[in-house]
Amino acid sequence: MNANSSLVGQLLFQGPVCVSWKQALEGAVYHLANCFLLLGFMAGSGVYGCFYLFGFLGTGYLCCVLWGWFDACGLDIVFWSFLLTVACLLQLAHLVYRLRVNTLPEEFDLLYKTLCLPLQVPLQTYKEIICCCQERVLTLSVEQTYAVEGETPIDRLSLLLSGRVRVSQDGQFLHYIFPYQFMDSPEWESLQPSEEGTFQVTLTAETECSYISWPRKSLHLLLTRERYISRLFSALLGYDISEKLYTLNDKLFAKFGLRFDIRLPSLYHVLGPSASDGGPESDKDDKEVCQPAASPAQNMPTSVQSTPPCSPVPGTSNLPAPLPLARMSRPDSGALGEDSTSLVLEDFEEVSGSESFMDYRSDGEYMR
């Protein structure tokens with residue numbers, strides 16, 4: 001123990017043991033080796049940083065082998081420098097192998113950079129998703145149908161890679177599907193894993209299209225096993241469905257160029273089946289609500305006749321006709337509160353150079 005401490009003290013406090021320093025400098029190969037080593041240790045992180053690091057370190061240690069063999073004439077210098085050179089070359093070979101293994105086909109690589117990389121999805125997770133679809137890219141020719149309304153079963157989930165697909169129902173155009181959008185996300189979300197169903201729309205390719213498709217059962221097994229992938233698909237499908245809904249909303253315009261909000265409950269009467277039944281019948285229904293049936297009222301005794309809320313009292317005559325419905329002022333929002341419908345009706349109330357939305361009795365009448 002004392003011998004070791006004395007040796008350390010001699011090295012630290014008594015200076016080098018060298019009898020005399022060499023006056024001549026080392027050769028150019030020695031200095032070149034150190035320059036390469038200095039550049040190698042300035043490498044960054046990542047795959048390309050590792051290439052930079054081991055590339056310069058391997059070159060530097062190779063120069064050390066040449067210096068030890070020709071100038072220093074030391075077998076130990078040559079041996080250790082050679083081992084370090086071989087280690088750097090092995091690391092470079094391993095990096096090249098990993099890059100070749102991780103290389104994706106062009107379509108899948110572009111899909112990863114467009115859809116998954118902005119969400120910071122790990123590459124290994126993306127490979128699991130791709131393996132579920134067997135890394136196959138399917139194609140559709142012009143006017144070829146992907147699904148037929150009421151016939152094609154819902155047994156897969158597909159994502160469009162290129163081209164354009166037309167969505168129609170009963171021969172009526174609904175919207176387009178563009179690259180990197182799901183082709184059947186509403187159908188996927190409409191069914192439980194154990195349920196079966198058919199498409200309610202027809203999907204037809206307008207151009208040459210390519211897409212990938214996941215079998216329904218295989219994808220459900222993957223989503224059940226991997227929670228992160230399940231959340232990822234939930235976010236992607238939710239965003240895709242909302243984009244399709246807003247695309248349909250762009251087709252709904254009011255009479256004076258105003259756009260409806262499909263989230264409003266008042267638009268149910270406009271978008272629902274009852275909207276097509278409008279016309280004189282809707283006005284007739286409104287009048288029937290306010291006017292009682294005359295013949296039954298006359299046959300009833302006077303003591304049991306009831307007074308309807310919108311009609312004059314029976315027994316009186318020569319009264320003026322009922323006045324039209326007056327526009328009622330909207331109550332103060334601070335007292336009763338406002339819902340989304342009242343806010344939009346307030347926005348529609350003042351339209352320059354046109355009638356007001358509030359002048360109409362119903363949404364269907366306003367749309368007509």
Side-chain angles (χ1 to χ4, degrees), residues 105-108 110-112 114-116 126 128-224 226 229-252 262 268 271-273 275-276:
E106 182 180 358
E107 297 85 356
F108 292 103
L110 188 58
L111 174 62
Y112 176 74
T114 305
L115 200 61
C116 296
Y126 176 72
E128 294 183 22
I129 298 174
I130 295 304
C131 288
C132 186
C133 69
Q134 302 176 355
E135 298 187 12
R136 293 171 52 192
V137 178
L138 307 176
T139 58
L140 289 174
S141 58
V142 180
E143 295 301 325
Q144 182 180 355
T145 56
Y146 169 81
V148 179
E149 177 182 351
E151 298 181 7
T152 306
I154 305 173
D155 57 358
R156 53 182 172 172
L157 177 66
S158 300
L159 180 70
L160 187 64
L161 297 179
S162 63
R164 187 176 65 183
V165 175
R166 180 179 67 253
V167 182
S168 60
Q169 186 179 37
D170 295 331
Q172 182 180 5
F173 169 76
L174 296 179
H175 62 87
Y176 285 115
I177 298 176
F178 296 100
Y180 305 112
Q181 289 184 345
F182 288 97
M183 300 173 64
D184 40 13
S185 53
E187 288 77 12
W188 173 270
E189 290 291 336
S190 64
L191 296 179
Q192 297 294 329
S194 58
E195 296 178 346
E196 295 181 358
T198 57
F199 278 81
Q200 302 301 313
V201 293
T202 299
L203 281 71
T204 308
E206 282 208 342
T207 61
E208 294 288 339
C209 300
S210 62
Y211 66 97
I212 57 175
S213 185
W214 293 272
R216 186 176 183 84
K217 293 183 179 179
S218 301
L219 185 56
H220 269 301
L221 291 176
L222 177 63
L223 299 182
T224 305
E226 299 292 340
I229 299 178
S230 176
R231 291 183 176 181
L232 174 65
F233 267 84
S234 178
L236 293 176
L237 290 171
Y239 176 78
D240 187 81
I241 293 175
S242 65
E243 286 292 316
K244 289 180 172 61
L245 289 176
Y246 278 108
T247 301
L248 292 175
N249 189 32
D250 289 339
K251 298 179 63 179
L252 295 176
I262 59 178
Y268 171 78
L271 301 178
S276 60

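For this chain, numbers begin at 1 and follow the sequence in order.
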Mind listing the closest non-hydrogen atom pair of Leu140 and Ala205 along with its distance?
CB-CB, 3.9 Å

So, the side chain of Gln200 versus the backbone of Thr198: is there a donor-acceptor pair under 3.5 Å, distance only?
yes

Would you check, one step at a time, whether the test side-chain contact (heavy atoms from CB on, under 4.5 Å) holds for Thr152 with Thr145?
CA-CA 10 Å; Thr152 306; Thr145 56; over 6 Å; no

Looking only at non-hydrogen atoms, find the nearest pair between Arg156 and Asp184 and report the distance.
O-OD2, 3.2 Å

Does a side-chain heavy-atom distance below 4.5 Å link Asp170 with Glu149?
yes

Taking all non-hydrogen atoms of both residues into account, name the closest pair between Ser230 and Leu223 and its distance.
CB-O, 3.4 Å

Are Gln181 and Leu160 close enough, and set up right, to give a side-chain contact (heavy atoms from CB on, under 4.5 Å), and what steps lead you there?
CA-CA 6 Å; Gln181 289 184 345; Leu160 187 64; 5.6 Å; no

What is the ring orientation for Tyr146 with Phe199, classed by angle as parallel under 30°, tilted 30 to 60°, or perpendicular over 60°?
perpendicular

Pairwise side-chain contact, Val137 with Tyr211, heavy-atom cut-off 4.5 Å (strictly under)
no

Working to the nearest 0.5 angstrom, can you tell me the gap between Ser190 OG and Ile154 CD1?
4.5 Å

Show the nearest heavy-atom pair for residues Ile212 and Arg136, with the distance to one decimal.
CG2-O, 3.5 Å

Take Glu143 and Arg166 through the salt bridge (Lys or Arg N to Asp or Glu O under 4.0 Å) test and state the conclusion after the steps.
CA-CA 9 Å; Glu143 295 301 325; Arg166 180 179 67 253; 3.5 Å; yes

Taking the side chain as C-beta and beyond, is there a heavy-atom pair between Arg216 and Leu191 under 4.5 Å?
yes

Nearest-0.5 Å distance that lies between atom CD1 in Ile129 and atom CH2 in Trp214:
7.5 Å

What is the distance from atom OG of Ser194 to atom NZ of Lys217, rounded to the nearest 0.5 Å?
11.0 Å

So do the side chains of Leu157 and Leu237 get within less than 4.5 Å of each other, counting heavy atoms only?
yes

Identify the two heavy atoms, one from Ser210 and one from Ser162, that lie closest to each other, and give their separation to 0.1 Å.
OG-OG, 2.5 Å

Pick one: which of Val165, Leu161, Val142 meets side chain to side chain contact (heavy atoms under 4.5 Å, CB included) with Cys209?
Val165

Strictly distance-based, threshold 3.5 Å: is any side-chain N or O of Ser218 a donor or acceptor partner for the main-chain N or O of Cys132?
no

Taking the side chain as C-beta and beyond, is there a heavy-atom pair between Thr204 and Glu206 under 4.5 Å?
no

Does Tyr126 reach the main-chain N or O of Phe108 with its side chain, forming a donor-acceptor pair under 3.5 Å?
yes

Can you name the closest pair of heavy atoms from Leu115 and Tyr180 and give their distance?
CD1-O, 4.4 Å

Look at atom OH of Tyr239 and say whether more than 12 heavy atoms of other residues, nucleotides or ligands are closer to it than 6.0 Å.
no

Please tell me whether Phe233 and Trp188 form a close aromatic pair, meaning their ring centres lie under 6.0 Å apart.
no

Kindly compute the distance separating SG (Cys116) from CG (Leu232), expressed to the nearest 0.5 Å.
6.0 Å

Could you walk me through whether Leu159 and Leu236 pass the side-chain contact (heavy atoms from CB on, under 4.5 Å) check?
CA-CA 11 Å; Leu159 180 70; Leu236 293 176; over 6 Å; no

If you draw a 6.0 Å radius around CD in Glu106, do more than 12 non-hydrogen atoms from other residues or ligands fall strictly inside?
no

What distance separates Glu189 CD from Phe182 CZ, expressed to the nearest 0.5 Å?
9.5 Å

Around atom CD of Glu196, are there more than 12 heavy atoms from other residues, nucleotides or ligands closer than 6.0 Å?
no

From CD (Gln169) to NE2 (His175), nearest 0.5 Å
10.0 Å

